Amino acid sequence: MNVVLFGPPGAGKGTQAKELSSYYDIPHISTGDILRANVKQGTELGKKAEHYMNRGELVPDEVLIGIIKNRLAEPDCKKGYLLDGYPRTIPQAEALDGILEEIGMPLDVVLNIDVPDEELVGRLSGRYMCECGESYHVRFNPPQNEGVCDSCGGQLYQREDDREEVIRQRLESYKNKTQPLIDYYANKNLVVHINGEKDINSVFDDIRVVLDKYLN
Ligand code: ADP
Ligand code: ADP
Ligand code: ZN
């Protein structure tokens, strides 16, 4: 199945994608994770992206389009893909249409995870991450031992951009540049809305009801 997980920062895209990826055995492609890995390794790409990421601004489209084109060309994507955090602008969505046509893997569905703004700030400011890609929340999804990842034992950390001022800027970029994509995909009849305010397991169950239709 070929899926875009859509929604504002903090909606729960990463949390759900991680579970869905192992449940359906298809790759989870997070452009945020790819960018952070590049920043950490100090690659040319990482150096270009870091400045934007630290401010909560979007990294330029041409950088993201290059990343996604390369990633979708990898053999594991023959099984399908779960895109998380891409596309975030109209030009990114248009480029994606072209790439998907070339590889013959058109989108099945765009899941729009709805969560109100008031809730998002609390989710992001309480988020703790692990290098392995797992994420936690101090109240909503705490690890068994404080500061330690349940799945790999790694040490948890807070993301540099999960600070209140940067969160505000990310929500602003989402409103101005990313939200218009809902209409873009609604015009193609691809959007299904998911109530992201429910607890993590209920959201997972609701998403499965939708995605089971695309199993072949
Ligand atoms: P979140 O999951 O909290 O929304 P991400 O991990 O997806 O955040 O993204 C972190 C940062 O990486 C963004 O604030 C942005 O700077 C950059 N980024 C990730 N994906 C994209 C994209 N598709 N276009 C532009 N910038 C992106
Ligand atoms: P995104 O990838 O959309 O930015 P995440 O999946 O990283 O969002 O989730 C943001 C924060 O909210 C994390 O701390 C996560 O543990 C928590 N979270 C995710 N889904 C829910 C939910 N349904 N209810 C409460 N907290 C949630
Ligand atoms: Zn871990």
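Atoms within each ligand, like the ligands themselves, are counted from 1 in listed order. If you're wondering where the values come from, they're calculated on a predicted model, not measured in any experiment.
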I want to confirm something. Looking only at heavy atoms, which of [options] is nearest to [atom]?
atom                    : options                        : result
atom 7 (O) of ligand 2  : Arg170, Arg159, Arg127         : Arg127
atom 17 (C) of ligand 2 : His137, Gln16, Glu119          : His137
atom 24 (N) of ligand 2 : Gln158, Arg123, Arg139, Glu134 : Arg123
atom 13 (C) of ligand 2 : Phe204, Tyr136, Phe140         : Tyr136

Taking distance alone, with N or O pairs closer than 3.5 Å, would you say [X] contacts ligand 1?
X     : result
Glu57 : yes
Arg88 : yes
Gly85 : yes

I'd like to know if the side chain of [X] pairs up with that of [Y] as donor and acceptor (distance under 3.5 Å, no hydrogens or angles considered).
X      : Y      : result
Gln169 : Ser173 : yes
Asp162 : Tyr157 : no
Ser202 : Asp199 : yes
Asn141 : Tyr128 : no

Looking at [atom], what's its closest protein heavy atom, distance included?
atom                    : value
atom 11 (C) of ligand 1 : Met53 CE, 4.0 Å
atom 26 (N) of ligand 1 : Val59 N, 3.1 Å
atom 18 (N) of ligand 1 : Leu35 CD1, 3.4 Å
atom 6 (O) of ligand 1  : Arg36 NH1, 2.8 Å
atom 8 (O) of ligand 2  : Gly12 N, 3.2 Å
atom 20 (N) of ligand 2 : Ile200 CG1, 3.5 Å

Quiz item: cation-pi between Lys177 and Tyr174, 6.0 Å / 45°:
no
Below 30° counts as parallel, above 60° as perpendicular, anything between as tilted: where do the rings of Phe204 and Tyr23 land?
perpendicular
Which ligand 2 atoms, with their elements, are less than 4.0 angstrom from a heavy-atom of [X]?
X      : result
Ser135 : 7 (O)
Pro9   : 4 (O)
Asp199 : 23 (N)
Thr15  : 5 (P), 6 (O), 9 (O), 15 (C), 19 (C)
Ala11  : 3 (O), 8 (O)

Counting only heavy atoms from other residues, nucleotides and ligands, does the tally under 6.0 Å from CD of Glu197 exceed 12?
yes
Enclosure of Gln144 CD (heavy-atom neighbours >12, cutoff 6.0 Å)
no
Per salt bridge (charged side-chain N to carboxylate O under 4.0 Å, His left out), Lys188 is matched among Asp97, Asp108, Asp183 by Asp97
Closer than 4.0 angstrom, basic N to acidic O: yes or no for [X] and [Y]?
X      : Y      : result
Asp117 : Arg168 : no
Asp33  : Lys18  : no
Arg71  : Asp76  : yes
Glu131 : Lys40  : yes
Lys47  : Glu50  : no

At under 4.0 Å between heavy atoms, what of Leu58 touches ligand 1? The answer is both
Under 4.0 Å between heavy atoms, the region of Pro8 that gets near ligand 2 turns out to be backbone
Does the pair Leu72 and Ile103 meet the rule for a side chain to side chain contact (heavy atoms under 4.5 Å, CB included), with working shown?
CA-CA 8 Å; Leu72 285 168; Ile103 63 174; 4.2 Å; yes
Looking at [X], which atoms of ligand 1 are within less than 4.0 Å of one of its heavy atoms?
X     : answer
Lys13 : 4 (O)
Thr31 : 19 (C), 20 (N), 21 (C), 23 (N)
Gln92 : 22 (C), 23 (N), 24 (N), 25 (C)

Nearest 10°: the angle subtended at the Zn ion (ligand 3) by Cys132 SG and Cys152 SG?
120°
What do you reckon, does Gly10 have a nitrogen or oxygen under 3.5 Å from a nitrogen or oxygen of ligand 2?
yes
Is it the case that ligand 2 has an N or O less than 3.5 angstrom from some N or O of Gly14?
yes
Arg123 side-chain N/O to Gly10 backbone N/O, donor-acceptor pair under 3.5 Å
yes
Using non-hydrogen atoms of the residue, decide whether Lys198 is closer than 4.0 angstrom to ligand 2.
yes
